[in-house]
Amino acid sequence: MQTTGAKKESLGLWGWDTFDFIVQDLERSERFYTQSFGLPLLAKSTEKHTHETGEDSRLFGQHGISIACIAPKERGSRADRWLKHHPDGVAVVGLRVKNLAHTHRVLSERGATFSTPIVQATDAQGEPYQYFEITTPLGAVRYRFVQRELKTLPPGFQRVAPQEQLLVPYQSIDHVTANMLSLEPYISWLKDILGFEEYWNVRFHTSDTQGDEGSGLASTVMWDPESKIKLANNEPAVPNFEGSQVYTFVEDNVGAGVQHIAFHVPEIQGTIDTLQRKGLSFLDVPDTYYDMLPQRLKDQNVNNFTEDIEALKKLGILVDGDDDKYLLQIFMQEAAAVYEEEKAGPFFFEIIQRKGATLFGEGNFRALFEAIERDQKARK
């Protein structure tokens, strides 16, 4: 972990807010979240909102996690314009703030490009909801800054009655990862405009094991120390720049974008067992990974490891750590593979349990990288 340069004035971030996820098939998304993934349906867009925006929306979430799936109903709507150029994916990253006017002033002084003014709105119960959006170097993705109470819904949503659906104990968003062809513009923007600081970085290449067929990436994790929000960011590496799965993501996404969102859970093995029984597919991990795991943990000075390796192997859960702190994580297949439809896009979810470890695990970064490339090649 490292910080550089003079400390910037805080934006006053509380944490994550709603992610706007543009999708082609809203009913399919609702089935996925409520029946397979275990993120409950909270609200639906009102008829008035759908008429005014030309979009139909569903809001899923719990414990501060909030994802709005939005599908076009009319030509020319925001969702329709997005899907003309991109597959399903995250169009807006939401950040909740303490004082919207303060955040707006700081961003204005730093030269942020605003795509909306400050909007004063209310939810269906009349609770205040204020926001504005800015553009980013991350392709078409925008950032939305929101001041609201946690219980307040985005404007245009009406709560639905509780219903029978799968519930998984997701506690929080651990981090969000984005892929792009060039890190520098985005990292500089995160530093200069948002005031984020460097948290962790890694660079590797698989030519050591795959020879000329290998590829690699460079990754820099940025964070806001006050809110603990973490953004992991990847670019492809030479040699074989266009062979990197990061490059493939950018091609499939038709531009830079959000690759995955990581949810933290209190107990990962039971969670994954439940999700696999519901039919969710995760990236395959070779048996050799688990054969080498005891020695790798020993080399990393993780002497308090208590997990059953055979149980982890059966579920496909990865492990990394150092100095008696470790994490357990697993990655879903890309949506295009889950739905067997390329237009569903290259986005996926990660599920993670941290047992003291605060970093990202270089070994697992590489294991994920290789697993995605294996999966992509298998589908070609």
Side-chain angles (χ1 to χ4, degrees), residues 11-23 26 29-30 32-34 37-46 49-50 52-53 55-72 77-79 82 88-100 103-104 114-116 118-125 127-136 138 140-160 170-178 194 224 227-231 257-264 345 347 349:
L11 288 180
L13 302 181
W14 273 124
W16 300 104
D17 204 84
T18 304
F19 291 79
D20 283 7
F21 204 108
I22 308 297
V23 300
L26 194 58
S29 294
E30 183 171 335
F32 168 79
Y33 285 104
T34 62
F37 192 63
L39 198 63
L41 176 66
L42 301 178
K44 296 182 178 182
S45 54
T46 63
H49 183 74
T50 297
E52 291 174 347
T53 62
E55 299 171 344
D56 194 6
S57 306
R58 303 284 187 273
L59 186 70
F60 307 91
Q62 63 180 348
H63 302 142
I65 297 169
S66 182
I67 294 178
C69 288
I70 303 166
S77 65
R78 175 191 59 155
W82 172 278
D88 294 4
V90 175
V92 176
V93 174
L95 298 170
R96 187 163 164 251
V97 303
K98 301 171 185 176
N99 184 307
L100 196 71
T103 305
H104 190 277
F114 296 88
S115 54
T116 75
I118 292 179
V119 178
Q120 307 280 354
T122 57
D123 72 357
Q125 280 69 49
E127 296 295 326
Y129 183 106
Q130 308 172 63
Y131 73 92
F132 64 84
E133 293 180 4
I134 65 174
T135 62
T136 77
L138 198 62
V141 178
R142 297 184 182 184
Y143 276 23
R144 178 185 297 137
F145 297 87
V146 180
Q147 182 179 345
R148 67 174 176 102
E149 294 299 321
L150 199 56
K151 65 179 180 179
T152 305
L153 295 176
F157 280 92
Q158 183 71 48
R159 289 194 184 277
V160 298
Y170 301 117
Q171 294 177 310
S172 61
I173 294 176
D174 187 88
H175 64 275
V176 173
T177 296
L194 297 197
D224 172 57
S227 63
K228 306 298 189 294
I229 286 173
K230 297 183 182 70
L231 300 167
V258 176
Q259 180 205 39
H260 72 266
I261 299 173
F263 289 172
H264 189 273
F347 176 87
F349 286 107

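These figures come from a predicted structure and were not determined experimentally. Atom set for the values below is all heavy atoms of this structure, side chains included, hydrogens, waters and symmetry mates excluded.
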Exercise for the section: Return yes when atom CZ of Arg142 has more than 12 non-hydrogen atoms of other residues, nucleotides or ligands closer than 6.0 Å, and no otherwise. Expected result: no

Problem - Aromatic ring proximity, centroids under 6.0 angstrom, His175 and His264 - result: no

Handout entry: Ring geometry between Phe349 and Phe263 (parallel below 30°, tilted from 30 to 60°, perpendicular above 60°)
Key = tilted

Practice task
Please check if atom CD in Glu149 has more than 12 non-hydrogen atoms from other residues, nucleotides or ligands closer than 6.0 Å.
Solution key: no

Handout entry: Any Ile65 side-chain heavy atom under 4.5 Å of Leu39 side chain
Key = yes

Problem - Where Ile173 and Val176 come nearest, the two heavy atoms and their spacing - result: CG2-CG2, 4.2 Å

Exercise for the section: Mark yes or no for whether Thr103, through its side chain, and Asn99, through its backbone, hold a donor-acceptor pair below 3.5 Å. Expected result: yes

Practice task
Determine whether the aromatic ring centres of Tyr131 and Phe145 lie less than 6.0 Å apart.
Solution key: no

Exercise for the section: Answer whether the closest heavy-atom distance between the side chains of Thr34 and Pro40 falls below 4.5 Å. Expected result: no

Practice task
Considering non-hydrogen atoms only, spot the tightest contact between Ala79 and Ala71 and give its length.
Solution key: CB-C, 4.0 Å

Completion exercise
Note: Leu150 and Gly64 closest approach over all heavy atoms is CD1-CA, 4.3 Å

Problem - Under 3.5 Å donor-acceptor, Ser77 side chain and Pro72 backbone - result: no

Problem - Main-chain N/O of Glu55 paired with Thr53 side-chain donor or acceptor, under 3.5 Å - result: yes

Exercise for the section: Please confirm whether the backbone N or O of Ser57 pairs with a side-chain atom of Ser45, one donor and one acceptor, at under 3.5 Å? Expected result: yes

Fill in the blank from the handout: Test side-chain contact (heavy atoms from CB on, under 4.5 Å), reference Phe19, set Val258, Val90, Val92, output is Val90

Handout entry: Side chain to side chain, Leu41 and Leu59, heavy atoms closer than 4.5 Å
Key = no

Handout entry: Lys/Arg-Asp/Glu bridge criterion (N-O < 4.0 Å) met for Asp20, Arg144
Key = yes

Problem - Nearest heavy-atom neighbours spanning Cys69 and Val23 - result: CB-CG2, 4.4 Å

Fill in the blank from the handout: Rounded to the nearest 0.5 Å, the CD1 atom of Ile134 sits from the CG atom of Leu194 at a distance of 5.5 Å

Practice task
Verify whether the ring centers belonging to Tyr170 and His63 lie closer than 6.0 Å.
Solution key: no

Practice task
Take Phe21 and Asp88 through the side chain to side chain contact (heavy atoms under 4.5 Å, CB included) test and state the conclusion after the steps.
Solution key: CA-CA 7 Å; Phe21 204 108; Asp88 294 4; 4.1 Å; yes

Exercise for the section: Say whether Ser115 and Thr135, considering side chains only, have a donor N or O and an acceptor N or O under 3.5 Å apart. Expected result: no

Problem - Side-chain heavy-atom pair Asp17, Leu95 within 4.5 angstrom cut-off - result: no

Completion exercise
Between the CZ atom in Phe37 and the CZ atom in Phe60, the distance rounded to the nearest 0.5 Å is 11.5 Å

Handout entry: Test item: Asp56 and Ile70 side chains (from C-beta on) under 4.5 Å apart, heavy atoms
Key = no

Problem - Nearest-0.5 Å distance, CD of residue Gln158 to NE2 of residue His49 - result: 12.5 Å

Problem - Heavy-atom side-chain contact between Trp16 and Arg96 under 4.5 Å - result: no

Fill in the blank from the handout: Heavy atoms of Ile22 and Ala91 approach each other most closely as CG1-CB, 3.7 Å

Problem - Separation of Gln130 CD from Leu100 CG (nearest 0.5 Å) - result: 5.5 Å

Problem - OG on Ser66 to CG on Leu42, rounded to 0.5 Å - result: 7.0 Å

Practice task
Taking the side chain as every heavy atom from C-beta outward, state whether Leu13 and Ile229 have any atom pair closer than 4.5 Å.
Solution key: yes

Handout entry: Sole residue of Thr152, Leu153, Asp123, Val119 in side-chain contact (heavy atoms from CB on, under 4.5 Å) with Tyr129
Key = Thr152

Practice task
Rounded to the nearest 0.5 Å, what's the gap from CD1 on Ile261 to CG on Asp174? Could you check?
Solution key: 12.0 Å

Exercise for the section: In plain terms, say whether Glu127 and Arg148 are close enough for a salt bridge, that is, a side-chain N and a carboxylate O under 4.0 Å apart. Expected result: no

